[in-house]
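I have placed the structure first, in the form of structure tokens, so that the comments after it can refer back to it.
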Amino acid sequence: MTNQIQSVRGRVMRHASRYMLLGLLIAGATWASTAMAATTTLKNISYDALPGGSVELHMDFGSGPVPQPKIFTTGNPPRIAVDFADTDNAAARHLDIGKGSTSGVSAVAAGGRTRVVIELMRESSYRTRVEGHSLVLTVNNGSTDQSVTTASTIDPTKALPSSSSGPAISNIDFRRGPNGEGRVLISFSGSGANAEMTRQGDKVLVTIDHANLPANLAQRLDTLDFATPVQSIVTRSGAGGGARVEIAVKGNVDTSAYQTADQYVVEVAPKKADAKDDKLAKLGKEPSYNGKRVTFNFQDIPVRSALQLIADISGLNLVASDSVGGSVTLRLVNVPWDQALDVILRAKSLDMRRNGNVVWVAPQAELAKYEQDLADAKLKALDTAELVTDYVPISYGKAADIAKLLTSGSMQGGGGGGGGANTQRGFLSPRGSVSFDERTNTLLLNDTPEKIKQLRDLIAVLDKPVQQVLIESRIVVATDDFTRELGAKFGISGKHYTQNNDGNHNLITVGGHDLGNGTAGGGLNVSLPASTPTGSFGLAILGANYAIDLELSAAQTEGRGEVISSPRVITANQQEAVIRQGQEIGYVTFQNSGSSAGTGTATVQFKDAVLELKVTPTITADNRVYLMINVKKDALAGYVDAPGSGKIPTIDTREINTSVLVDNGQTVVLGGIYEVNKANTISKVPGLGDIPGIGMLFRNTSRVNTKAELLIFVTPRILSDTLQ
């Protein structure tokens with residue numbers, strides 16, 4: 001048994017020794033990788049101001065070699081970013097310059113990488129070179145001189161290549177981003193190309209030095225169908241070699257660019273509107289970001305370090321709660337810093353509260369508890385706050401109406417009503433009350449000082465003069481009368497003498513009357529004259545024993561008339577106005593009358609014959625007027641006989657009742673009635689009146705043509721449109 005125990009103990013010790021050795025090897029490898037990960041240190045950053053506004057930046061690495069940088073630029077805001085991999089930072093975090101187009105330079109280290117950001121006042125070109133243990137970056141003054149070259153990737157052991165020995169441009173492509181941005185992708189056959197982006201009006205210019213452009217790529221690309229700000233891309237060879245790409249853009253855009261070893265990408269995106277423009281319209285949509293663009297590529301970086309990086313870039317004062325911890329892996333390329341912050345917060349279930357230039361970052365639950373405690377404290381302070389009394393005179397409205405609006409059901413009483421214990425407090429605090437005095441039209445408020453101030457602001461919005469509207473109306477009644485009448489009187493009379501056996505003469509008359517003394521008077525056998533002739537023509541033929549009489553009469557009447565009524569009235573918004581003009585026509589009726597008129601009990605009654613305009617205007621939010629309108633025009637037409645009651649008047653009535661939406665000052669025709677009456681009447685002697693030609697002597701012809709037209713015009717005008 002003892003031997004077995006010793007054997008087991010020996011095996012355990014051997015395994016423990018192996019595990020300890022493995023742990024030591026892992027720890028040593030980790031230490032070695034950590035030591036090798038950061039073998040270079042940026043010692044210092046200095047600058048020299050050159051003639052012409054250029055600035056020469058010196059990035060000194062002490063006695064160590066200059067690491068190969070990766071450089072990219074952004075257009076909004078204009079920046080030049082230089083990344084050094086496996087590099088620590090011992091230089092100052094920020095250096096103010098303020099020379100030429102260079103505002104300052106910042107250096108930040110995180111995750112074994114150091115980034116140097118040159119802050120520009122405007123887009124500027126640059127060039128780089130290596131001097132000993134320093135990287136020298138010269139920033140131009142922002143001029144459009146295209147002779148200055150840029151470098152995105154530098155080999156410290158080699159000089160800048162010439163255009164003849166540089167890489168060739170292998171392809172120029174265009175793509176549309178997910179948010180409507182346009183991306184121009186310039187691909188190279190190798191590394192060593194130097195690209196520079198500048199903005200000139202509605203064009204983005206990319207100048208590429210040390211690169212050869214094949215003849216088949218010197219062309220124009222039409223990109224209108226992609227629905228991006230990029231309209232076209234024109235590529236041509238440069239004057240001194242290299243290539244020049246002109247990107248035509250439309251609208252207000254943001255531009256940015258970045259370069260890898262074998263590709264240069266230009267991104268043109270529509271400029272985002274200010275977040276304050278319309279917060280309501282952005283509910284439910286993705287948030288917009290407009291911070292400085294940054295690039296992060298970190299693995300397992302502490303969250304606090306990532307927040308410190310963002311604080312340095314944004315210039316914000318950032319406070320992290322003690323409960324903020326853990327690490328995060330980031331790979332973000334050319335994104336706004338506020339979007340990067342949002343990504344970090346979401347990944348770690350954090351949230352932030354911003355007050356001016358100070359941002360507080362804490363777990364979501366901690367912030368929610370803090371805000372709930374703050375709300376509870378405000379409610380408790382409100383319950384214990386001192387109540388004060390205030391008096392608010394009302395100028396344009398009624399104090400009773402505004403008190404009702406403020407209390408929403410909690411008001412009590414009439415002329416001196418006040419709030420009670422009702423749970424529905426309206427705009428008041430739980431202990432507040434309101435009353436009003438009808439005599440002075442004053443509100444009496446009793447509430448906390450903070451609530452009194454809020455109520456005063458609300459009352460100032462409600463107590464404003466009401467806009468007024470002038471409504472002008474025109475009522476036109478046009479008539480056109482035409483009457484023509486033709487008539488005739490016609491008669492024949494004759495006499496004849498015969499001799500008797502006794503030698504005396506007998507008188508025989510035809511168609512006339514014997515007037516005595518051997519003569520016969522002329523007679524008129526047909527009498528169909530015009531009723532009211534305006535002219536007549538007579539003809540008589542007398543013979544020894546006969547007489548023919550003819551009289552033609554005619555009448556023609558033409559009449560045109562217009563009756564124009566123009567009522568107008570001023571009223572307040574949403575208040576009905578009525579204007580009337582006319583007469584009351586009286587007539588007498590008899591009750592319990594006998595067979596004859598004028599007996600019994602007499603009663604006087606009246607009928608209205610008036611011109612009336614009744615209207616209710618409503619002013620819309622876009623300064624138009626909605627009218628509910630009633631127009632009436634009555635007139636006396638005549639009288640009719642009522643048996644036993646005398647004469648009763650008859651009224652011609654014209655009325656329209658409608659609603660219409662009208663622009664301010666616009667005239668609208670509400671409606672119209674057009675009447676035409678035609679009548680032809682013939683009175684004739686049967687048989688004789690139908691004889692062609694002479695039949696006109698035996699008939700009376702009358703023709704009546706009457707036209708009447710009613711038009712109603714309305715014009716509303718807002719009189720107090722400057723009052724708000």
Side-chain angles (χ1 to χ4, degrees), residues 26-27 29-42 67 69-70 72 74 77 79 81-90 93-94 106-117 177-179 256 258 260 267 275 286-355 357-371:
I26 293 174
T30 304
W31 177 85
S33 63
T34 304
M36 294 178 63
T39 59
T40 307
T41 302
L42 178 62
K70 292 184 179 180
F72 65 92
T74 62
R79 296 288 187 269
V82 185
D83 280 352
F84 299 101
D86 302 329
T87 303
D88 289 336
N89 178 39
R93 286 183 174 270
H94 186 76
S106 300
V108 179
R113 172 183 297 184
T114 296
R115 168 167 292 181
V116 178
V117 178
N179 298 320
S256 61
Y258 61 91
T260 62
E267 182 175 292
E286 291 294 328
S288 61
Y289 305 101
N290 51 13
K292 301 177 182 178
R293 293 184 177 270
V294 297
T295 296
F296 290 151
N297 188 1
F298 303 124
Q299 185 171 3
D300 291 335
I301 182 176
V303 174
R304 288 180 171 272
S305 298
L307 295 177
Q308 182 62 41
L309 281 175
I310 294 177
D312 293 338
I313 294 173
S314 63
L316 295 175
N317 297 315
L318 192 145
V319 179
S321 173
D322 293 339
S323 53
V324 176
S327 60
V328 64
T329 298
L330 298 176
R331 178 170 171 79
L332 304 174
V333 179
N334 199 31
V335 298
W337 67 261
D338 46 356
Q339 184 178 6
L341 176 60
D342 195 16
V343 169
I344 296 173
L345 297 180
R346 290 183 183 180
K348 306 303 292 183
S349 298
L350 302 174
D351 204 349
M352 69 175 182
R353 295 295 182 267
R354 181 169 181 172
N355 185 7
N357 198 31
V358 178
V359 176
W360 176 30
V361 177
Q364 295 175 353
E366 183 178 335
L367 285 176
K369 183 178 182 302
Y370 167 77
E371 292 175 346

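Any value given below was found using the heavy atoms of this structure, including those in side chains, with hydrogens, waters and symmetry copies removed.
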A340 versus L332, closest heavy-atom pair with distance: CB-CD1, 3.6 Å
Evaluation steps, side-chain contact (heavy atoms from CB on, under 4.5 Å), between L316 and R354: CA-CA 10 Å; L316 295 175; R354 181 169 181 172; 3.3 Å; yes
CD-OG distance between Q364 and S349, expressed to the nearest 0.5 angstrom: 5.5 Å
CG/N357: more than 12 non-hydrogen atoms of other groups inside 6.0 Å: yes
Close side-chain approach of I344 and I310, heavy atoms under 4.5 Å: yes
Nearest atoms (heavy-atom pairs only) where L367 meets M352: CD1-N, 3.8 Å
Stepwise side-chain contact (heavy atoms from CB on, under 4.5 Å) check, V303 with L350: CA-CA 11 Å; V303 174; L350 302 174; 4.2 Å; yes
Exercise: identify the closest heavy-atom pair between P69 and V82: CB-CG1, 3.6 Å
D338 side-chain N/O to N290 backbone N/O, donor-acceptor pair under 3.5 Å: yes
F296 vs I301 side-chain heavy atoms within contact, under 4.5 Å: no
Side-chain donor/acceptor of K348 to backbone N/O of S327, under 3.5 Å: yes
Considering all heavy atoms, the nearest N89-A107 contact: ND2-O, 3.4 Å
Closest non-hydrogen atom pair, V324 against R304: O-NE, 3.1 Å
Check against side-chain contact (heavy atoms from CB on, under 4.5 Å), T40 and F84: CA-CA 9 Å; T40 307; F84 299 101; over 6 Å; no
Side chain T329, main chain D300, donor-acceptor under 3.5 Å: yes
Interatomic spacing from CD in Q339 to CZ in R293 - rounded to 0.5 Å: 8.5 Å
Check: L309 and V294 side chains under 4.5 Å, non-hydrogen atoms: no
Any donor-acceptor pair under 3.5 Å from R115 side chain to T295 backbone: yes
Donor-acceptor pair, side chain of T114 and main chain of T87, under 3.5 angstrom: yes
Where R93 and D312 come nearest, the two heavy atoms and their spacing: NH1-OD2, 2.6 Å
